[in-house]
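The structure appears right after this line, and notes come after that.
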2 protein chains.
Amino acid sequence: MTTERRTAILEAAARVIARHGVRGLRVADVAAEAGVSTALVYYHFKDRSGILRHALAFIGDRADRYTAVEDDAAGGPPADPRQLLERTMLLEFQDLPEVRENSTAWGELRAHTVFDPELREELAAAGAAWAAEVAGLLGGLRPGAPAADLTAAAERLTALLEGLSMRWLSGLLPLWHARELVREAIGVEIGRLDRAAGSPAESPARPAPALPFLN
Amino acid sequence: MTTERRTAILEAAARVIARHGVRGLRVADVAAEAGVSTALVYYHFKDRSGILRHALAFIGDRADRYTAVEDDAAGGPPADPRQLLERTMLLEFQDLPEVRENSTAWGELRAHTVFDPELREELAAAGAAWAAEVAGLLGGLRPGAPAADLTAAAERLTALLEGLSMRWLSGLLPLWHARELVREAIGVEIGRLDRAAGSPAESPARPAPALPFLN
DNA sequence: GTCTATACAAGGATAGAC
DNA sequence: GTCTATCCTTGTATAGAC
């Protein structure tokens with residue numbers, strides 16, 4: 001089956017990206033990793049950026065299928081909303097090859113987009129979906145909270161997660177510490193939602209900045 | 001003066017890094033940007049990684065000297081602690097060439113360290129200093145708070161900042177929104193410090209995870 | 001110190017046989 | 001579909017004149 005070969009190449013590409021980054025990807029490396037010739041890689045994916053596009057899509061798909069292996073994994077009962085949120089956000093922080101691979105690749109993708117806007121759309125969509133999911137989970141937890149507050153909290157949490165992920169992958173932050181900070185951050189944001197329940201929005205009509213470079 | 005030429009080349013390198021990233025840096029580009037020959041660049045910096053090392057050090061030095069241009073910049077009086085913290089954290093979020101350049105280069109450095117540990121030490125030191133500074137400012141704001149809480153809050157805030165910075169630089173997040181999220185995050189963390197004042201630590205003795213990949 | 005010219009290596013991509 | 005062999009561009013680095 002031809003599809004299997006394609007998949008094998010994409011898996012190889014994912015491993016190569018995890019090791020050397022998007023910009024460190026060499027077509028010859030991918031071929032070697034997959035145990036095929038470079039020519040075959042070109043045959044299936046046209047050119048280097050074709051490989052990249054398909055590999056990133058492949059990685060994106062795979063990310064949805066993480067096995068939710070967690071602290072209380074051993075077939076625990078469907079957790080309460082808070083635990084569900086924690087689990088979801090902590091999925092990225094597991095030292096398993098597949099997870100590391102995906103996480104690394106996504107980090108690379110984000111970093112790469114700073115210089116090459118080509119993939120911006122795709123990233124924006126994925127990011128928005130991810131933020132919406134977190135906002136939804138937060139909403140399930142504090143049904144009374146205004147949508148704007150939920151959205152802002154989700155944006156902060158997901159951005160934090162990206163920052164922590166990079167630190168972990170760089171070896172600057174031990175995994176358990178990253179996980180702890182994520183859990184605490186969730187607690188902090190939930191606390192904020194509770195306090196904000198009574199008081200009006202903290203940042204009402206934002207005055208337009210007078211200085212253009214702050215826009 | 002020879003030093004001027006060296007500096008000119010480093011400035012050129014900083015601009016090139018801001019445009020194409022660490023891994024996108026071409027020696028010929030640096031030379032062209034500085035208006036000199038490639039041979040001269042090699043003469044002054046030995047090889048490509050020499051250029052890189054010096055350029056990153058140069059950028060790091062420069063980051064300390066940001067002019068604190070802010071909303072209330074026009075010669076306002078020495079602000080209160082809260083404003084001081086906000087200003088410090090928002091320094092990275094200004095659409096000025098120098099700031100963008102530094103921010104981009106640091107982001108690249110962080111991303112690059114995922115694959116190349118060579119610069120990890122330097123990054124770790126800079127990150128620790130930065131976190132300590134933020135923790136200090138938070139401490140000035142809430143003198144009663146336990147040091148551990150201040151540290152954790154600072155870690156979350158700085159990691160958030162890195163995540164938001166990348167989103168801004170990628171064009172995924174408008175500058176004003178990034179700034180707003182930073183300000184809110186500061187508020188949220190301060191709120192947490194206030195609430196935590198009475199109650200005991202939220203995450204006491206953390207049980208060692210049973211599963212190795214969560215460590 | 002600075003340049004021009006060039007050697008040399010790596011990597012992307014294709015031709016053509018099987 | 002898959003391979004071997006090869007081309008060609010790009011990028012690092014050096015030689016040698018001024």
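Being a predicted model, the structure only gives us computed values, none of them experimental. Only this structure's heavy atoms are used, side chains among them; waters, hydrogens and symmetry mates stay out. The chains referred to below are lettered A, B, ... by the order of the sequence lines, with proteins before strands, and numbering in each begins at 1.
When the side chain to side chain contact (heavy atoms under 4.5 Å, CB included) test is applied to B:Arg19, the partners found at least two apart in sequence or on another chain are B:Arg15, B:Val16, B:Glu33. Applying the side chain to side chain donor-acceptor pair (under 3.5 Å) criterion to B:Arg110, with sequence neighbours excluded, gives no partner residue. For A:Asp95, the side chain to side chain donor-acceptor pair (under 3.5 Å) criterion is met by A:Arg100, not counting sequence neighbours. Under the rule for a side chain to side chain contact (heavy atoms under 4.5 Å, CB included), the partners of A:Pro146 that lie at least two apart in sequence or sit in another chain are A:Asp149. Taking B:Thr38 as the reference, nothing meets the side chain to side chain donor-acceptor pair (under 3.5 Å) condition, with sequence neighbours excluded. Judged as a side chain to side chain contact (heavy atoms under 4.5 Å, CB included), and not counting sequence neighbours, the contacts of B:Glu108 are A:Arg23, A:Phe115, B:Val22, B:Arg23. Taking A:Glu189 as the reference, A:Ala153, A:Arg156, A:Leu157, A:Arg192, B:Val188 meet the side chain to side chain contact (heavy atoms under 4.5 Å, CB included) condition, with sequence neighbours excluded.
Residues B:Ser165 and B:Glu92 have side chains that never bring a donor and an acceptor to within less than 3.5 angstrom of each other.
Between the C1' atom of C:dA13 and the CZ atom of A:Phe45 lies a distance of 16 Å, rounded to the nearest Å. Spacing between atom OH of A:Tyr43 and atom P of D:dG1 amounts to 5 Å, rounded to whole angstrom units.
Note that the two end axes of the helix from C:dG1-D:dC18 to C:dC18-D:dG1 enclose an angle of 0°, each drawn from 5 base pairs, rounded to 10 degrees.
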Can you give one letter per nucleotide of nucleotides 3-18 of chain D, 5' to 3': B if a protein heavy atom sits under 4.0 Å from the base, S if only from the sugar-phosphate, - if neither? BB------SSBBB---

